[in-house]
Number of protein chains: 2
Amino acid sequence: MTNKEPPNYQRIVDDLRSRILSGELAPGHKLPTEKELQQRWGFSTTIVKHALTLLRSEGLIEGRRGSGNYVRDRTQLVRRAHSRDMRKRLGSTSPFARDSEAAGRQPSWESESKKIPATPHVAGRLGIRPGDSVMHTKYRYLADGDPIQLADSYEPLAVTGGTQVEYPEQGPVIGVVARMDFIGVAIDRFVEEVTTRPAMPEEITALELDPRSGRWVIAIERTYYAGPTAVETADIVFPGDRYRLVYEMPIDPWPPSKEAETP
Amino acid sequence: MTNKEPPNYQRIVDDLRSRILSGELAPGHKLPTEKELQQRWGFSTTIVKHALTLLRSEGLIEGRRGSGNYVRDRTQLVRRAHSRDMRKRLGSTSPFARDSEAAGRQPSWESESKKIPATPHVAGRLGIRPGDSVMHTKYRYLADGDPIQLADSYEPLAVTGGTQVEYPEQGPVIGVVARMDFIGVAIDRFVEEVTTRPAMPEEITALELDPRSGRWVIAIERTYYAGPTAVETADIVFPGDRYRLVYEMPIDPWPPSKEAETP
DNA sequence: TAGTGGTCTAGACCACAAT
DNA sequence: TTGTGGTCTAGACCACTAC
């Protein structure tokens with residue numbers, strides 16, 4: 001007994017999707033018009049439109065009224081996370097700026113900082129009490145003027161309050177690790193939790209996403225620690241198909257080393 | 001001048017999506033029937049069906065014929081990646097098994113190993129010549145019997161050929177780091193590149209995804225290095241909304257230490 | 001002006017669940 | 001048997017592009 005046949009709209013979707021993902025239909029390529037697809041497959045207009053809607057919802061194509069459907073550009077920015085020592089580079093630029101410039105795009109960002117009492121959720125992540133004061137900074141990052149990343153950062157004022165780096169964007173140093181080092185707090189690790197989910201309406205607005213295409217985001221919860229103490233936590237959001245996250249992780253960097261242990 | 005109004009189907013989508021993501025409509029909750037939505041909003045059947053199709057394509061709901069539409073369970077498995085020393089745990093279980101058991105689910109897997117000539121793409125990642133022999137192992141991982149992860153692993157036979165760990169699943173040790181250590185190859189880092197994209201048809205089949213819901217995957221390209229030499233590379237694929245990736249990264253773990261550098 | 005995609009109508013018919 | 005969602009028809013009308 002054979003499997004049941006897929007529905008007609010699914011056959012169009014599968015055909016075009018595999019040709020797009022394989023590269024046969026390159027970004028920018030114009031798809032056949034709806035009428036052509038209708039005639040080629042022998043399906044009704046509605047079914048062809050439905051198939052194209054699904055491909056748009058997957059972010060693989062974009063429709064342009066009066067013109068046609070086109071294979072979407074899925075060029076990705078690279079975001080690097082690694083162990084390298086960044087403490088000595090006082091005044092160095094931010095990780096976002098470095099990644100953007102590496103991709104040949106002009107970085108810029110907007111930010112807004114405010115002291116607020118910690119919500120229970122943020123307090124849990126920072127290991128402080130709900131209501132304790134934290135510095136909340138909202139960021140919106142742009143590459144060549146296009147919004148490409150959002151972040152909400154929270155820092156306990158028990159750590160930074162009253163110091164020169166209390167306001168993240170006003171101090172003499174940029175970047176969490178460098179700023180904390182500046183006030184004598186040695187960050188020794190961070191934890192990132194990566195998930196994907198549909199974009200929320202505010203994110204669609206802030207990232208200027210097409211409501212019909214590419215509505216998925218990558219969400220990261222990041223927390224920096226100095227020993228057992230959390231000194232910053234942030235929620236970071238990217239357009240899901242516009243970013244590639246790179247983690248370069250050392251293995252077994254700590255003593256006891258193999259030589260020290262083995263006779 | 002105000003913004004143009006969103007289309008009718010979008011209003012339904014936005015309403016239900018925000019209520020689902022906020023938790024007001026919990027996983028398992030039954031949505032109003034199509035007829036009820038039609039009456040409540042005053043739209044045609046087609047427009048209500050279209051809105052529900054989009055929510056399904058986002059993986060937020062699943063339709064059950066003859067029953068109703070339900071908020072989808074988005075419980076996530078956790079996959080951990082960190083720097084801990086795993087070399088000494090000979091015979092230890094695999095990372096996948098550890099993560100699954102931590103989530104209270106029963107791990108199992110299928111694998112199949114074969115010697116093949118390296119494709120140009122794999123050769124590039126391993127820093128060897130196309131055509132050089134590699135061990136290709138296909139994995140399918142299951143939790144409580146449900147397929148939950150796919151992997152294609154490639155190891156240069158120049159490294160493992162003729163040793164006891166040549167066939168990954170037949171040696172005395174499990175896991176890349178432990179196996180390489182067993183033959184005297186000290187892995188000191190790995191790199192993971194994380195992206196998201198729509199699932200390809202074979203992946204939908206192998207992961208038993210609903211073609212109508214949750215068609216997104218997280219794809220990881222991972223490469224292990226011993227010094228400058230790549231000793232394994234793998235393509236790993238997860239259902240996008242079923243996994244949470246956790247990276248725990250040390251900062252500045254290598255000499256020269258701060259003390260060594262600063263007078 | 002002609003052609004294209006985006007939204008929408010008013011249904012029909014089928015597969016399946018609940019009863 | 002009734003109610004539900006899934007697939008599909010045969011269009012209409014609008015917004016916009018390309019010419």
Sequence-distant partners of B:Gln76, side chain to side chain donor-acceptor pair (under 3.5 Å), two or more places apart: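 Testing B:Gln76 for side chain to side chain donor-acceptor pair (under 3.5 Å), a comparison that skips the adjacent residues, returns B:Arg244.
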Side-chain ion pair, A:Glu193 and B:Arg80, N-O less than 4.0 Å: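 So A:Glu193 does not pair with B:Arg80 through a salt bridge.
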Ion pair B:Glu58/B:Arg215, N-O distance below 4.0 Å: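 No, B:Glu58 and B:Arg215 are not salt-bridged.
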Atom of B:Arg56, atom of B:Gly63 and distance for their closest heavy-atom approach: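 Distance-wise, the nearest heavy atoms are CD-N, 3.8 Å.
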Pairs involving residues 33-48 of chain B, ordered by first then second residue, that meet side-chain hydrogen bond (donor to acceptor under 3.5 Å, both in side chains) (sequence neighbours left out):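 Matches after skipping sequence neighbours: B:Glu34-B:Lys49.
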Find the distance [X]:[atom1] to [N]:[atom2] and express it as a whole number of Å.
{"X": "B:Ile61", "N": "D:dT4", "atom1": "CD1", "atom2": "C1'", "value": "13 Å"}
{"X": "A:Lys35", "N": "C:dG3", "atom1": "NZ", "atom2": "C1'", "value": "8 Å"}
{"X": "B:Asn69", "N": "C:dC16", "atom1": "CG", "atom2": "C1'", "value": "14 Å"}
{"X": "A:Lys30", "N": "D:dA18", "atom1": "NZ", "atom2": "P", "value": "10 Å"}
{"X": "A:Gln38", "N": "C:dG3", "atom1": "CD", "atom2": "P", "value": "15 Å"}
{"X": "A:Glu34", "N": "C:dG6", "atom1": "CD", "atom2": "P", "value": "6 Å"}
{"X": "B:Glu62", "N": "D:dT4", "atom1": "CD", "atom2": "C1'", "value": "15 Å"}

DNA chain D: 5'-proximal contact among B:Ser67 and A:Gly66 (nearest heavy atom):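 Nearest-nucleotide comparison on DNA chain D picks B:Ser67.
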Contact pattern, 5' to 3', of nucleotides 7-14 of chain D - B, S or - by protein heavy atom under 4.0 Å: BSBBB---
Donor-acceptor side-chain pairing of A:Tyr247 and A:Glu192 below 3.5 angstrom: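 A donor-acceptor contact under 3.5 Å links the two side chains.
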